[in-house]
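For the single chain, residues carry numbers from 1 onward in sequence order.
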Amino acid sequence: MKLRNLSLIASLVLAGMSASVVHADTATSTKTTSPQEVTNIVLVHGLFADASSWSKVIPLLQAKGLHVTAVQNPTTSLDDDVAAVKRALALQNGPVILVAHSYGGMVITQAGNEPEVKGLVYIAARAPAAGEDYPALTKKYPAAPASAGLTWNDGYGALSESAFIHDFAGDLPVSEAKAYYAVQQPMGKAITMAKTTVAAWQFKPTFYAVSTEDRTINPDLERFMAKRMHAQTIELKSSHVSLISQPVAVANLIMKAAHVPGY
């Protein structure tokens with residue numbers, strides 16, 4: 001009787017071990033499965049700009065068969081801009097990669113919590129933690145020169161033409177920088193006091209392009225935010241507007257985030 005019981009117990013233990021091995025193999029297989037390509041890209045512009053700032057990146061993405069939407073943010077408040085992005089997300093058919101430039105990083109940090117968002121790409125962009133005081137964070141680094149050119153009128157802020165050309169878009173030909181300046185969209189005062197309530201980068205794969213010659217956001221602050229996010233990071237020798245001065249490199253990073261074959 002005792003021998004029969006011992007034999008039964010041994011059989012059960014071996015069966016349990018076999019089940020554990022199968023479960024472990026399945027988990028390993030799941031982890032090593034190649035991520036699926038994402039074909040929807042939603043682009044979010046920053047302050048002192050509009051959606052036309054993506055005009056050089058968009059055709060590069062479309063040439064690879066990606067469905068691209070560039071959001072026209074009102075830049076009146078963080079809530080208004082997040083709402084604009086969420087409206088764009090609701091129109092997508094399938095998973096999305098959210099991409100942002102500059103202040104737009106704050107917007108996708110909040111809006112990127114939506115389940116259809118499968119990755120976040122930050123181009124010289126803000127990436128605050130939930131509830132973080134972003135202006136206080138910037139004060140831990142030397143002030144970026146562009147901030148001296150910010151002027152306010154009736155509750156809306158804009159960069160002077162000189163600051164825009166030399167500190168915001170400093171590596172563009174002057175004629176191109178002036179054309180970009182002509183579409184500058186003033187920002188609402190509420191944005192300066194806004195805080196995100198979530199940080200989607202804590203839960204989603206992230207990518208970051210640091211602009212090493214940036215005079216609008218300190219490059220060391222960009223590096224800090226990228227490192228804190230554990231982002232896959234590249235560095236571009238560019239001004240704040242690498243999406244205009246180096247569109248191929250920016251598009252390549254977006255395609256990498258979307259798992260386009262070859263990137």
Side-chain angles (χ1 to χ4, degrees), residues 44-49 73-86 98-113 120-160 163-164 166-170 184-204 206-231 233 235-236 238-243:
V44 182
H45 66 82
L47 298 176
F48 319 123
N73 285 336
T75 64
T76 47
S77 71
L78 177 61
D79 288 345
D80 290 345
D81 295 332
V82 169
V85 171
K86 287 188 175 183
L98 259 182
V99 186
H101 174 235
S102 192
Y103 153 76
M106 193 169 183
V107 180
I108 70 168
T109 293
Q110 183 79 25
N113 210 34
L120 304 166
V121 183
Y122 293 78
I123 309 300
R126 301 183 187 187
E132 185 169 52
D133 185 336
Y134 181 77
L137 178 62
T138 66
K139 288 180 171 59
K140 295 181 179 180
Y141 298 84
S147 60
L150 178 61
T151 59
W152 293 90
N153 182 31
D154 197 25
Y156 286 86
L159 289 179
S160 68
F164 192 100
H166 299 295
D167 299 323
F168 187 75
Q184 177 180 189
Q185 190 163 285
M187 72 161 173
K189 189 78 171 181
I191 287 174
T192 64
M193 298 170 281
K195 294 181 181 179
T196 56
T197 58
V198 297
W201 51 259
Q202 291 184 310
F203 315 104
K204 309 287 176 86
T206 57
F207 299 78
Y208 201 108
V210 172
S211 288
T212 63
E213 310 299 309
D214 205 322
R215 292 171 61 84
T216 301
I217 296 178
N218 188 300
D220 285 334
L221 173 56
E222 293 178 15
R223 293 184 181 104
F224 164 79
M225 291 185 289
K227 184 177 180 180
R228 180 172 66 172
M229 291 191 293
H230 303 291
T233 304
E235 295 208 351
L236 302 175
S238 69
S239 71
H240 190 56
V241 295
S242 59
L243 68 172

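When all heavy atoms of Gly149 and Ala163 are compared, the closest pair comes out as CA-CB, 3.7 Å. Between Asn113 and Ala200, the shortest heavy-atom contact is N-CB, 3.6 Å. The two residues Ala194 and Leu78 come nearest to each other via the heavy atoms CB-CB, 3.6 Å. Taking both residues in full, the closest heavy atoms of Ala190 and Ser77 are given as CB-CB, 4.1 Å, listed atom of the first, atom of the second, then distance. Between Ser242 and Leu236 the shortest heavy-atom distance is CB-CD1, 3.9 Å. Heavy atoms only, all atoms of each residue included: Pro128 and Ala199 are closest at O-CB, 3.9 Å.
Atom NZ of Lys227 is separated from atom OH of Tyr208 by 15.0 Å, given to the nearest 0.5 angstrom. Atom NE2 of His240 and atom CD1 of Ile217 lie 4.5 Å apart (nearest 0.5 Å). The CD atom of Gln185 lies 8.5 Å from the OG1 atom of Thr76; values are rounded to the nearest 0.5 Å. Here the NZ atom belonging to Lys195 is positioned 14.5 Å from the OH atom belonging to Tyr134, to the nearest 0.5 angstrom. Rounding to the nearest 0.5 Å places OG of Ser211 at 12.0 Å from CG of Asn218. We find the CZ-CE distance between Phe207 and Met229 to be 11.0 Å, quoted to the nearest 0.5 Å.
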Before you tell me yes or no, could you show the steps for Thr233 and Glu222 under side chain to side chain contact (heavy atoms under 4.5 Å, CB included), namely the whole-Å CA-CA distance, both residues' side-chain angles and the distance that decides it to 0.1 Å? CA-CA 10 Å; Thr233 304; Glu222 293 178 15; over 6 Å; no

Any chance you could lay out the side chain to side chain contact (heavy atoms under 4.5 Å, CB included) test for Val198 and Gln110, step after step, and finish with the verdict? CA-CA 6 Å; Val198 297; Gln110 183 79 25; 3.9 Å; yes

Could you please spell out the steps behind the side chain to side chain contact (heavy atoms under 4.5 Å, CB included) verdict for His230 and Thr206? CA-CA 7 Å; His230 303 291; Thr206 57; 5.7 Å; no

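At least one donor-acceptor pair closer than 3.5 Å links the side chain of His45 to the backbone N or O of Asn73. With hydrogens and angles disregarded, no donor-acceptor distance shorter than 3.5 Å links the side chain of Glu235 to the backbone of Thr212. Remark: side-chain polar atoms of Thr75 are not paired, donor with acceptor, to backbone N or O of Gly46 under 3.5 angstrom.
When each of Thr109, Leu47, Ile108, Leu137 is checked for a side-chain contact (heavy atoms from CB on, under 4.5 Å) with Arg126, only Leu47 meets the rule.
Between the side chains of Tyr103 and Asp81, a donor-acceptor pair is found at a separation under 3.5 Å.
The shortest side-chain heavy-atom distance between Arg228 and Trp201 falls under the 4.5 Å cut-off. Looking at Met106 and Thr196, their side chains come closer than 4.5 Å, going by heavy atoms from C-beta outward. Looking at heavy atoms from C-beta onward, Thr192 lies out of side-chain contact with Pro135 at the 4.5 angstrom threshold. By the 4.5 Å heavy-atom criterion applied to side chains, Arg215 and His166 are not counted as neighbours.
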